[in-house]
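Data block below; observations after.
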Amino acid sequence: MKNKSVANKQSYTLIWLLAFAIVISVMNSTMFNVALPELKKEFGLTSTQVSWVVTAYIIIYAVGSVTYGKLADMFKLKNLITLGLCFFVCGSVIGLVSDTYWLIIVSRILQSAGASVIPACSMLIPIRYVSEANRGRALGITSAGMALGTAIGPIIAGFILGFSSWRFLFAISIVILLAIPFFRRLLGDEMHRQGGKADFPGGILLAASVALLLLSITTLSLLTFALMISVSILFWFRVKTTNSPFVSPALFKNTRFTTGLIIGSLALTLNLCIPYLIPQMLTILHHTSPLQIGLIMSPSALIAAVFGLVGGGIADRKGSRYLFVLGGGMQLLSYLMLWLFLNVSPTPIIFILIVVNTGLTFAQIALANTVSRTLPREQAGVGMGIYMMCSFIAGAIGTSLLGKMLDVMGSNHAVFKNMFVIFSIWITVSAVLFIIKNPDRHSLKVNSSQ
C-alpha cells in the first residue's frame, strides 16, 4: 500500500500541505462574515438574504464533507482533491467578477462544493499516510490549520475591506491552485478502494436530508423539518434496498464508531458556539465595537492553533482520553471564570478565551483521534466524512438553540451567567461519558478483525 511506503518526512510534508489548504478553506467561511454589511448595503438586501452568502457555504460544506468521504473510499485521493480545488478556484473567479447578488451565491456554492474536499481529507489523509502511533500529531497539525483559518479570516477580511472591495476576498482563494501539483506528487499513484458503483440516488437523498436539516435549524421552519424527515425516510429506504448503498448500514453496526459519533456530537453541540456567543456578550454587556471584538478574540484562536500541535503530541504519548479530559477541564475552568468575570472589563476575557479555545482544540483532536481508530480502512473515508458532517450539524444546532434562548429570555447579565453554567455542566457530562466509553488508550485501537 502507498501509505506504508511513504517516508515519515514525506508524510508530514503532506500533512503540512493539507494544513495550508485547510487554512484557505476555513478562511472562506469566516472572512465573509465581515463583508456582510457592505454586501447588504451595495445590493439593497435584507438581513436574511445577505446571510445566505455565509449559510450557503456552510450547508454545502457539511454535505460535501461526507460526499467526498464516500468517494475517497472508491477513487484516488489525488484526483478528488484536484477536482475539488478546481471547483473552489472556479467559484472564486466567478465571485471576483460578480456584479449581482445571485452570482455571488452561485460563486459561494461552487467554492464550497470544491472546498469541502478538504475537511474530508483532513481526517482521511492522517489515517492513510501516518502511523496510528503518530496520528495524534498529524490531527494536531490539521486542527491547528482550522484554528488558524478561523483566527486570521476576519483579520485579513478587515484589512482588505479597509483598502479595497469585498470582491478581492475571492482573489485570496485562487492561491490554492499552487497546492494542486504538490498534492498530486505527494499522494502519488495510490490504489483506490473500489467499493462498487457509486450510489448517486442515495448520495443525492443524503445531501438533501442534510441540507434540509441545516435549513430547518437556521430558519426554525417546521415545514422544512417535516420535509427533511420525509427525505430521510426515502434515504433510509434506499440504503436498505440497494446492493451498494451510499452509506452502508454495517457502518452503524460498529458500536464503537456509533458511540464515538454520538459522544462527539454531544460534546461539540454547545462548545462550538463560543465564536457566536462571545461577540453577542461583548456587544450587549460591554458595548464593544466590531474592531475591539476582533482584537479580543483573535489572540485566542492564534494561540490555540499553536497549542494544537502540542495537543497532537499529548494524544500520541498519553492517549486521547487524557487529552480530552485535559481539554474538558480547561473549558470547564474557562466557563466558570467567564461566569465570575462577566461584569469586569473585556481585558480578562482575552486570556480566558485563550484557555477555552485551547481546550476546545484539545477536545476536537481527541474526538477525531478516537473515532478514526474505530474504523476499518475500507470505511475510513465515509466514516470520517460522517463525523465531520455531524460536527457541522452539532454546531448549527447549538448556535440555533443559543440564539433562540437569547430571543426568548432576553440578552442580559443573568441570561449569560446561566448560559455559562449550562456550558459547564455540558462539558462535564461529555467528559464523563468519554471516560466511561474509553477506559484507556489501548481500547481505542482498531480491531484487526474488523
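Remember, predicted model here, so these are calculated numbers, not experimental data. Any value given below was found using the heavy atoms of this structure, including those in side chains, with hydrogens, waters and symmetry copies removed. Residue indices begin at 1 and follow the sequence shown.
Under the 3.5 Å distance criterion, with hydrogens and angles disregarded, a donor-acceptor pair is assigned to the side chains of S25 and Y61.
Residue F20 qualifies as enclosed at atom CZ: its count of foreign heavy atoms under 6.0 Å is above 12. Annotation: F420, atom CZ; neighbour count of heavy atoms from other residues, nucleotides and ligands within 6.0 Å is above 12.
Looking at W339, its side chain never comes within 3.5 Å of a backbone N or O of N418 through a donor-acceptor pair. The closest donor-acceptor contact from the side chain of T242 to the backbone of P245 lies at 3.5 Å or more, if one exists at all. Proximity of a side-chain donor or acceptor of T224 to a complementary backbone N or O of S216 within less than 3.5 Å is not detected. Within the 3.5 Å criterion, the main-chain N or O of Q111 finds no donor-acceptor partner in the side chain of N28. Judged by distance alone, the side chain of T142 and the main-chain N or O of L139 form a donor-acceptor pair under 3.5 Å. Judged by distance alone, the side chain of R108 and the main-chain N or O of V53 form a donor-acceptor pair under 3.5 Å. Judged by distance alone, with hydrogens and angles left aside, the side-chain atoms of T258 form a donor-acceptor pair with the main-chain N or O of F252 at under 3.5 Å.
Closest non-hydrogen pair, A179 versus L17, comes out as CB-CD1, 4.0 Å.
In this structure, K240 fails the cation-pi test against F237, since its NZ or CZ atom is not both closer than 6.0 Å to the six-membered ring centre and inside 45 degrees of the ring normal.
Using a 4.5 Å cut-off on side-chain heavy atoms (C-beta onward), T361 and F307 make no contact.
Less than 6.0 angstrom separates the ring centroid of F32 from the ring centroid of F170.
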